[in-house]
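Naming: A, B, ... by sequence-line order, numbering from 1 per chain. No hydrogens, no waters, no symmetry mates; every other heavy atom, side chains included, goes into these values.
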Amino acid sequence: MQQFTDAIRSALAAQSGLKSSALKIETPRDPSLGDFAFPCFGLAKSMKQAPPKIAAELADKLGADLEGIEAVATGPYINFRVERALLARTIIGEVAAAGANYGHNTSGAGQTIVIDLSSPNIAKPMSVGHLRSTVIGAAIERILASQGYATVGINHIGDWGIQFGKLVAAIDRWGADSDLESDPIRALLSLYVRFHTEAEAGDTSLEEEAQQNFQELESGEEGPVRATWRRLTELSLAEFQKIYDRLGVNFSQVRGEAFYEPYLGPTIERIEATGITEMSQGAEIVDLSTLEKNMPPCLLRKTDGTTLYATRDLAAVFHRWEQFEFARCLYVVGSDQKLHFRQLRGVCQRMGLDWADRIEHIAFGMMRLPEGKMSSRKGRVVFLEDVLDRARDEAFKIIAEKNPDLKDARGVAEQVGVGAVVFNDLKRERIKDIEFVWSEVVSFEGDTGPYVQYTHARLTSIERKAAEAGEGGAEPDWAALADADQVLLTLGRYPDVLRSAGTHAEPSELATWVLGLCRELNNWYAGHRVLGQAPELSAARLQLVKASRSTIHSALGLLGLAAPDQM
RNA sequence: CCGCCCGUAGCUCAGCUGGAUAGAGCAUCGGAUUUCUAAUCCGACGGUCGCAGGUUCAAGUCCUGCCGGGCGGACCA
């Protein structure tokens, strides 16, 4: 595909005298106008002529330079149309040659990208909110890996902070009442909720105990508090792992904030050594108002000497730099923490670290319930496990109804149900807030994951039947794919889409693109039969089916959805 | 009060980082199955692109100001 735009670019450059990299090749709004377009407005000044006249003259000259590409002036535009057989042969040839790696490239070779994702909090349920970080982060990581980068996915577990003092206090008092073993997360959540209700009801001793517990924890003492904290961590991680297995997500590193405990002192010393720290109201801070007016200072140490979230993230980012010398360090964290990451980068900038701007906050919108914001303190959360279960059960019902003979219906139902949930989180621009609506999450029609999976299954089915019937061996009649030109052009854009999704860290670009491809395919094969045609025709159509199926399979994999062969 | 983000069809969203008559899905209504899975396809309905200015040959897209919603704003994470 790129060979077409390259040819157009260099021909235009030769005729206009402009640099080929400066020429913007667009896609016409109306596909019937052509495959590519070049607006001539920009040339009007230098050539001192009206754009339509330039277009007409250029189109004539270009015709001779371009082999297999027709150039036609339409008003101020030059529209280009690739000869249909050439288009089909080229695109399908590219896909076939690259196989499962179509669209991949090696532009990131030798560079490492660190991605901080998921990062659930110990003793709290994995909510549909954490799903966003996990699913978006994992998709970004796979997409970047397809561009040749070495990726390091880090699950930065929230296992530190005052809330553990609270939990230990709650367990000490009421732990005997609850069943921590069989359903630890829910038991811990109710303990956490009880702590807050009773503390608000006037039991001041609770907060004191929590404070003492956390101080003991931070002191490093191997006492009862640390033992309980350790047990909480183990129970929670085991629960989280169940979800990660269902989502098919793996991490290069799973590290708690506690890991950075030994680095906190050196981290603060290192920042102090650059002379940017100061004491303010009893706390140790870095002033950031010189970078951006109104930016609040970053607190490194509280009045009582203990560290904060920001200190631990600074320790972590130094550690990551030393370990990986990353080209980018991405934090897939909700948009409510924007200020935190601006401050993190701000401190690095003030320290004079030349890699400070490699730190990027990949923010995503908040997940909200129709009844309001989610709150684990109030117990108002939707458990991810429940969402996945319900989606799987709905999928199973539909299979039972539409495809009762499907083998491994339970396994496929899991793939489709999880696929629906995952895709629902990836399909819109990540910065947009989402309201959690059950009917949308477990929907399998229209712009959904199952729609893409279904398209894939249909195409697979055609391939299977072709193999059974022994069809498709003839020399393909590429010109016969003229009626699938839009599918081919979309397929041809896949490498660009992947590249863009990677640099923007925006999986929705890929999700939107694959939906469009599926729509065009469904539209096409609703009206065109593949099997049982003239051998050259069937062969050509089968080639299109294969290239499409393979590319959808690849896209689903990058997004983190399974691609069942039947459903 | 200050800062950042969002505002496109009844609802959920695309709109290729300024270009040709603004596109999908859901919902509603009407249609398509002797033949590769109807989780599909086709058609109809539906828009002063929040409002007002400005820059430009050209603005949904860039700038300014308002309005509405979200999120932040030193010892939580």
Minimum-distance nucleotide to A:Ser280 side chain [options: B:U37, B:A74, B:G72]: B:A74
N/O (side chain, A:Lys432) to phosphate O (OP1/OP2, B:A14) under 4.0 Å: yes
Nearest-nucleotide comparison on RNA chain B, the residue closer to the 5′ end among A:Asp336 and A:Val530: A:Val530
B:G18 - base-pair partner by Watson-Crick or wobble geometry, distances under 3.5 Å: none
Distance-only side-chain donor-acceptor flag, A:Asn522 / A:Tyr454, under 3.5 Å: no
Under-4.0 Å side-chain N/O to phosphate OP1/OP2 contact, A:Lys373 with B:G72: yes
C1' atoms of B:C71 and B:G30, separation to the nearest Å: 45 Å
Distance, rounded to the nearest Å, where A:Asp433 contributes CG and B:G7 contributes C1': 12 Å
Proximal nucleotide (of B:C71, B:C41, B:A14) relative to the A:Met366 side chain: B:C71
Assigned glycosidic conformation for B:A74 [threshold 90° from 0]: syn
side-chain contact (heavy atoms from CB on, under 4.5 Å) between A:Phe195 and A:Glu207, worked out: CA-CA 9 Å; A:Phe195 179 95; A:Glu207 292 285 357; 4.0 Å; yes
Under 4.0 angstrom between A:Lys402 side-chain N/O and B:A39 OP1 or OP2: yes
Sugar-phosphate, base or nothing in reach of A:Arg368, heavy atoms under 4.0 Å: sugar-phosphate
A:Asn79 (side chain) and B:A20 (base): donor-acceptor pair under 3.5 Å: yes
Per A:Asn403 side chain, nearest of listed nucleotides B:C76, B:A14, B:U37: B:U37
C1' atoms of B:G25 and B:C5, separation to the nearest Å: 25 Å
Distance-only polar pair, side chains of A:Ser119 and A:Asp116, donor-acceptor under 3.5 Å: yes
Spacing of the P atoms in B:C4 and B:U64 (rounded, Å): 10 Å
Nearest-neighbour nucleotide for the A:Gln566 side chain, B:U37, B:C71, B:C41 considered: B:U37
Charged N-O contact under 4.0 Å between A:Glu463 and A:Arg549: yes
Counter-base of B:U64, judged by Watson-Crick or G-U geometry with both distances under 3.5 Å: B:A52
For B:U28, the Watson-Crick or wobble counterpart (both distances under 3.5 Å): B:A44
OP1 or OP2 of B:G3 under 4.0 Å from side-chain N/O of A:Arg342: no
Electrostatic pair A:Asp393:A:Arg390 at N-O distance under 4.0 angstrom: no
Whole-angstrom distance between B:A52 and B:A38, as gauged at atom P: 49 Å
Parallel, tilted or perpendicular: ring planes of A:Trp160 versus A:Phe214, cut at 30 and 60 degrees: perpendicular
Which residue lies more 5' along RNA chain B, comparing A:Tyr525 with A:Asn121 via nearest heavy atoms: A:Tyr525
Side chain of A:Leu308 (C-beta onward), nearest among B:C36, B:C76, B:A14: B:C76
For atom CZ of A:Arg519 and atom P of B:C41, their distance in whole Å: 6 Å
Sugar-phosphate only, base, or nothing, as touched by A:Thr27 at under 4.0 Å among non-hydrogen atoms: base
P spacing across the pair B:G10 / B:G47, given as an integer number of angstrom: 7 Å
Minimum-distance nucleotide to A:Arg529 side chain [options: B:G70, B:A74, B:C36]: B:C36
A:Asn294, nearest nucleotide to its side chain (from B:G73, B:U40, B:G3): B:G3
NZ/NE/NH1/NH2 to OD/OE distance under 4.0 Å, A:Asp447 and A:Arg519: yes
Check ion pair A:Glu468-A:Lys465 (N to O, under 4.0 angstrom): no
Opposite nucleotide pairing with B:U37, Watson-Crick or G-U, both atom distances under 3.5 Å: none
Identity of whatever pairs with B:A9 - Watson-Crick or G-U, under 3.5 angstrom: none
Sugar-phosphate, base or nothing in reach of A:Val416, heavy atoms under 4.0 Å: base
Integer angstrom distance from the C1' of B:A59 to that of B:G18: 7 Å
Sugar-phosphate only, base, or nothing, as touched by A:Asp30 at under 4.0 Å among non-hydrogen atoms: base
Length of the line joining A:Glu401:CD and B:A38:C1', which is rounded to integer Å: 11 Å
Sugar-phosphate only, base, or nothing, as touched by A:Ala395 at under 4.0 Å among non-hydrogen atoms: nothing
Atom CD of A:Glu292 with >12 non-hydrogen neighbours under 6.0 angstrom: yes
Watson-Crick or G-U counterpart of B:A59, or none if no pair lies under 3.5 Å: none
Residue-phosphate contact under 4.0 Å: A:Ser461 side-chain N/O, B:U37 OP1/OP2: yes
Nearest-angstrom distance from the residue atom CZ of A:Phe341 to C1' of B:C4: 15 Å
Distance below 4.0 Å between A:Arg29 side-chain N/O and B:A20 OP1 or OP2: yes
Residues touching RNA chain B, which here means a heavy atom under 4.0 Å, drawn from residues 436-459 of chain A: A:Phe444, A:Glu445, A:Gly446, A:Asp447, A:Pro450, A:Tyr451, A:Tyr454, A:Ala457, A:Arg458
Integer-rounded Å distance: B:A14 P and A:Leu515 CG: 12 Å
Atom pair distance, as rounded to whole Å: CD in A:Gln211 and C1' in B:C76: 12 Å
Gap in Å between the two P atoms, one belonging to B:C66 and one to B:U48, rounded: 26 Å
Phosphate-side-chain proximity, A:Asn523 and B:C42, N/O vs OP1/OP2 below 4.0 Å: yes
Cationic N near anionic O, under 4.0 Å, A:Arg368 to A:Glu435: no
Distance under 6.0 Å and angle within 45° of ring axis: A:Arg410 vs A:Phe396: yes
Between B:G72 (P) and A:Glu292 (CD): distance, integer Å: 18 Å
Watson-Crick/G-U partner (both atom distances under 3.5 Å) of B:C71: B:G3
Between C1' of B:G23 and CD of A:Gln486, the distance in whole Å: 14 Å
Whole-angstrom distance between B:C49 and B:C62, as gauged at atom P: 16 Å
Non-hydrogen side-chain atoms of A:Ile362 and A:Arg430 separated by less than 4.5 Å: yes
Nearest-nucleotide pick for A:Leu339, side chain only, options being B:G73, B:C5, B:A77: B:G73
